[in-house]
Amino acid sequence: MRHLSRRLLLKHAARFAAGVTVFAATPACAFNPLPAMPTRSMPEAEARIAWLRLLPDGRVRLLLPRQEMGQGVSVALRQIVAEELDWDIERVEAVLPDTASIAPVKSTVGSDSLKDFAEPVARSAALLREHLHRGGDSAEIVDRGQPVSLRSFRPDGMRRHVGFGMPTEQIVSIVTGAPLYAGDIRLPGMLFGMVLPAGASISVPGDDVKLVTLSDGCGGLLSAHPAALHAAATRVKRDQAPRPMPAVDIDITQQRGDLEHSLRGDAVNADAPWTLDRRYDIPFAAHAAIEPRSAVAQWHGREAAMRLEVWTGTQDAFFVRETLARHFGLSTGKVLVHGCRIGGGFGARTIVRQELEAALLAEAAGQPVKVQWSRAAEFIDGFHRPPSSHRIRARLDADGRIADWRHGFCSGHVIFTSAAMPRWMQMATSLVKDPGVARGAVPPYVAARMRVGFSDIRLPVDTGPWRGLGAGPNGFAIESAMDELAALAGQDPLQFRLANLNPQHERLKACLERVADLAGWAAGPRSGRGFGRGLACGIYKENSYAAVVADVSVAADGAVRVAHLYCAQDSGLVVNPDQVRAQIEGNLVWGIGMVLNEKLPIEDGRVAAYSFADYAIPTMDAMPAIDIALIEPEGAPPSGAGETAMVAVAAVANAIAAATGRRVTTLPYRPQAPA
Amino acid sequence: MQLSVNGRSVAIPDARAGDPLLWVLREELGLVGTKFGCGQGLCGACTIHVGDAAVRSCQIAAADAAGQAIVTIEGLAQADGTLHPVQQAWIEESVPQCGYCQAGQIMSAAALLQAAPHPDDAAIDAAMAGNLCRCGTYARIRKAIRRAGTRMEQKP
């Protein structure tokens with residue numbers, strides 16, 4: 001193995017801390033010393049202009065610089081183009097391009113798409129508009145940084161597309177069952193395949209199933225018939241040898257010494273009694289997207305002319321291209337990736353797995369191959385939200401202000417995920433704060449002395465980014481603690497938060513006040529026997545704000561029903577309110593799931609979930625009434641809408657506490673009959 | 001072996017008769033609208049109609065559907081392209097996010113409304129609780145079902 005200096009290791013690690021999500025490793029049976037690095041930067045102006053193509057029929061095609069996974073980015077960017085051109089929306093079409101058609105763009109993650117791409121797309125369209133007004137009839141537009149007025153961000157009332165609701169792109173295809181997803185691709189001579197995970201074996205592949213050895217040494221299964229292949233998948237025996245599972249236990253971790261990473265380092269007064277001293281424990285959680293990851297790979301040509309073509313549901317098509325090119329020793333120009341609409345991303349589709357598997361199987365077969373992971377494989381071989389364990393100690397002064405706030409926690413990794421990092425790099429990253437674990441850990445409140453720190457724990461089960469990253473778990477701990485502190489101070493939960501809010505967070509204050517108004521907080525139902533109301537709020541990545549009120553009813557046996565959720569969210573300028581509301585609805589459902597349903601079972605250091613019977617997610621019958629208010633401060637640019645309202649997790653937990661008199665400190669909540 | 005799919009008689013190789021109907025529809029017949037979500041009968045993404053009933057196509061062998069009218073999402077609209085009231089309502093209520101579970105949701109909803117155009121909340125819950133949606137579109141699904149039901153009752 002090539003000797004890699006510590007400096008190089010840290011440099012690689014630091015590049016990831018600077019806002020990149022994950023990067024590819026190779027499957028366990030192959031070795032590549034330096035993995036592919038995902039794109040980080042915005043393409044040059046010339047490349048941004050090239051996102052727009054004039055069509056012969058007078059329409060314009062937007063080659064989307066973002067992947068679509070239901071977050072509505074396609075329609076929103078299309079609206080921006082139509083707004084800039086001042087055309088009817090039907091004259092603008094949005095397509096997901098392949099990797100040859102646009103310059104590399106970064107992964108579609110972090111709820112950053114509108115924040116980072118709204119203005120560049122608007123500017124490119126505005127330059128096209130100016131070009132057309134001057135009578136330009138070719139595609140030769142140059143962005144020299146010249147001033148150009150943008151219509152998309154003008155005050156309300158002057159726009160006709162931006163600020164209006166529209167359904168997601170491709171809605172007609174969705175409701176009529178037209179092909180959309182990678183698994184819908186069908187090619188002549190296509191086979192169906194799966195790669196056997198490291199340590200797995202199959203004794204009887206089946207009549208129509210062939211066992212093959214792939215060029216990286218892994219075993220694979222191929223069949224001309226998907227039923228036979230999927231049946232064979234159920235007969236695969238995975239390595240079940242127990243793996244040691246370190247405790248994710250903040251008290252054990254803190255007994256061993258100082259936490260590794262400090263986010264706030266004030267010396268808190270540890271001598272006087274704490275007002276609150278609470279532990280919170282949050283389990284592993286799965287992404288559980290309804291589309292199991294799928295890819296189709298096809299090799300073309302021979303030897304020097306050999307090319308690889310792949311269709312996949314991925315959040316980062318260029319990262320897939322880079323990884324495959326490296327693995328097979330091809331130039332990136334010889335690898336063409338079609339990023340298809342994803343049937344649920346949520347952070348799971350940020351690594352390269354099924355694409356590489358399909359390419360290896362197609363190489364072995366000499367024919368195109370479709371890979372669709374089984375549901376069991378999604379649980380067992382995927383990566384998951386790590387568990388975390390928190391202890392919050394806080395002390396109030398006589399006025400109910402936070403004097404000391406001490407939050408220590410430990411968690412598995414998020415950004416520095418073992419699902420994507422070779423082992424040697426994992427060790428280097430222990431020296432660097434995992435920004436995903438840290439997300440949302442610094443509360444929006446003022447404390448005279450604040451100490452926030454964490455340690456991360458390398459776990460045998462792969463962990464990584466899950467919707468909201470650390471914001472859900474950290475928000476749960478923080479907002480549960482704040483709620484209990486309010487009660488201990490004898491104060492209303494809303495007033496307590498407002499009194500302790502960092503005054504710089506005007507926008508969060510506005511969300512709290514708006515949701516209180518929406519829910520009728522001041523005059524509304526009080527918590528009583530079998531009924532509870534809870535509040536929570538939070539800021540996502542310093543640019544997006546939400547406050548949630550939850551009403552729950554608790555039955556005699558302790559079973560909880562969420563009756564109503566109210567949410568006020570400020571994610572800046574809203575390009576498509578319908579899609580932003582949909583994202584909020586999704587987050588609210590995820591918040592319900594975090595409290596009432598979700599816990600990934602782990603046994604002997606391995607995932608022990610094989611179907612949705614083993615991992616519950618919210619269903620139709622658990623849905624509450626929902627009211628949403630969007631706040632758009634004048635002049636605020638668009639910020640992230642896809643992960644902010646996850647604070648609902650704490651609103652629901654706080655509502656349960658109000659109803660039952662018992663704090664929810666371990667997720668998921670398990671019903672207990674009243675004492 | 002012959003199957004009736006979306007009003008047409010189609011020939012399926014006998015060797016495929018024992019395969020789950022889901023795969024026969026998707027890969028033999030190219031009707032990819034019916035989705036593979038789990039293959040274990042637990043997510044509802046593969047829901048189709050066999051006769052009047054909503055059925056999970058991953059749980060029924062192709063041969064077991066012989067002699068009955070199979071309707072998939074591709075066959076819900078009329079021949080001239082007029083959308084089924086449920087599909088129309090889905091668009092009007094802007095239901096889908098990622099869209100992957102939606103064909104199954106629509107098929108379950110259409111079967112429900114065929115039996116009863118004004119289901120109450122409990123009936124909607126009972127009929128739809130088995131169709132998982134990770135994006136959380138449930139509230140809009142409910143609204144779309146109500147909207148479609150009203151429309152279906154208006155048109156005999």
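None of the values given here were measured: they were computed from a predicted structure. Lettering follows sequence order; numbering is per chain, from 1.
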Intermediate values then yes/no, side chain to side chain contact (heavy atoms under 4.5 Å, CB included), A/Ile626 and B/Arg140: CA-CA 11 Å; A/Ile626 291 178; B/Arg140 295 177 185 224; over 6 Å; no
Ranking A/Gln71, A/Glu378, A/His287, A/Gln170 by heavy-atom pairs under 4.5 Å to chain B gives rank one to A/His287
Looking only at A/Leu180, A/Asp578, A/Val172, A/Thr168, most heavy-atom pairs under 4.5 Å shared with chain B are made by A/Asp578
Atom pair [atom1] ([X]) and [atom2] ([Y]), whose distance is rounded to the nearest 0.5 Å:
X        : Y        : atom1 : atom2 : value
A/Trp590 : B/Cys135 : CH2   : SG    : 8.5 Å
A/Thr619 : B/Met128 : OG1   : CE    : 11.5 Å
B/Cys101 : A/Glu291 : SG    : CD    : 12.0 Å
A/Ser294 : B/Lys35  : OG    : NZ    : 9.5 Å

Engaged part of [X] at the chain A interface, taking heavy atoms whose separation is under 4.5 Å:
X        : answer
B/Ala129 : both
B/Leu76  : neither
B/Leu31  : neither
B/Glu28  : both

### Message
Determine whether a donor-acceptor pair (N or O, by modelled atom type, separation under 3.5 Å) exists between the side chain of A/Arg375 and the backbone of B/Gly37.
### Response
yes
Per-residue tally against chain A (heavy atom, under 4.5 Å) across B/Cys98, B/Gly33, B/Ala77, B/Gly136 peaks at B/Cys98
Residue from B/Pro20, B/Cys58, B/Gly18, B/Gly30 scoring the most non-hydrogen pairs under 4.5 Å with chain A is B/Gly30
Do [X] and [Y] have side chains that approach each other closer than 4.5 Å (heavy atoms only, starting at C-beta)?
X        : Y        : answer
A/Thr176 : B/Ile73  : no
A/Met623 : B/Asp125 : no
A/Val589 : B/Arg134 : no
B/Ile141 : A/Met620 : yes
A/Arg186 : B/Val32  : yes

Closest non-hydrogen atom pair between [X] and [Y], with its separation:
X        : Y        : result
B/Phe36  : A/Ser374 : CZ-CA, 4.3 Å
A/Pro167 : B/Ser94  : CA-OG, 3.3 Å
B/Pro96  : A/Ile171 : CD-CD1, 3.5 Å
A/Pro292 : B/Tyr100 : CD-OH, 4.1 Å
B/Cys43  : A/Ile290 : SG-CG2, 4.5 Å
A/Phe612 : B/Gln40  : N-OE1, 4.4 Å

Could you look at [X] and say if it's the side chain, the backbone, both or neither that has a heavy atom under 4.5 Å from chain B?
X        : answer
A/Tyr610 : backbone
A/Ala288 : both
A/Asn587 : neither

Only residue of A/Gln583, A/Gln579, A/Glu585 satisfying side-chain hydrogen bond (donor to acceptor under 3.5 Å, both in side chains) with B/Gln97 is A/Gln583
Hey, is [atom1] on [X] packed in by over 12 heavy atoms from elsewhere, all under 6.0 Å?
X        : atom1 : answer
B/Asp120 : CG    : yes
B/Asp121 : CG    : yes
B/Gln114 : CD    : no

Between A/Asp621 and B/Arg142, is the closest basic N to carboxylate O distance under 4.0 Å?
no
Residues of residues 222-234 of chain A with a heavy atom under 4.5 Å from any heavy atom of chain B, in residue-number order, are A/His225, A/Pro226, A/Ala227, A/His230
Residues passing the salt bridge (charged side-chain N to carboxylate O under 4.0 Å, His left out) test with A/Arg467, sequence neighbours excluded, are none
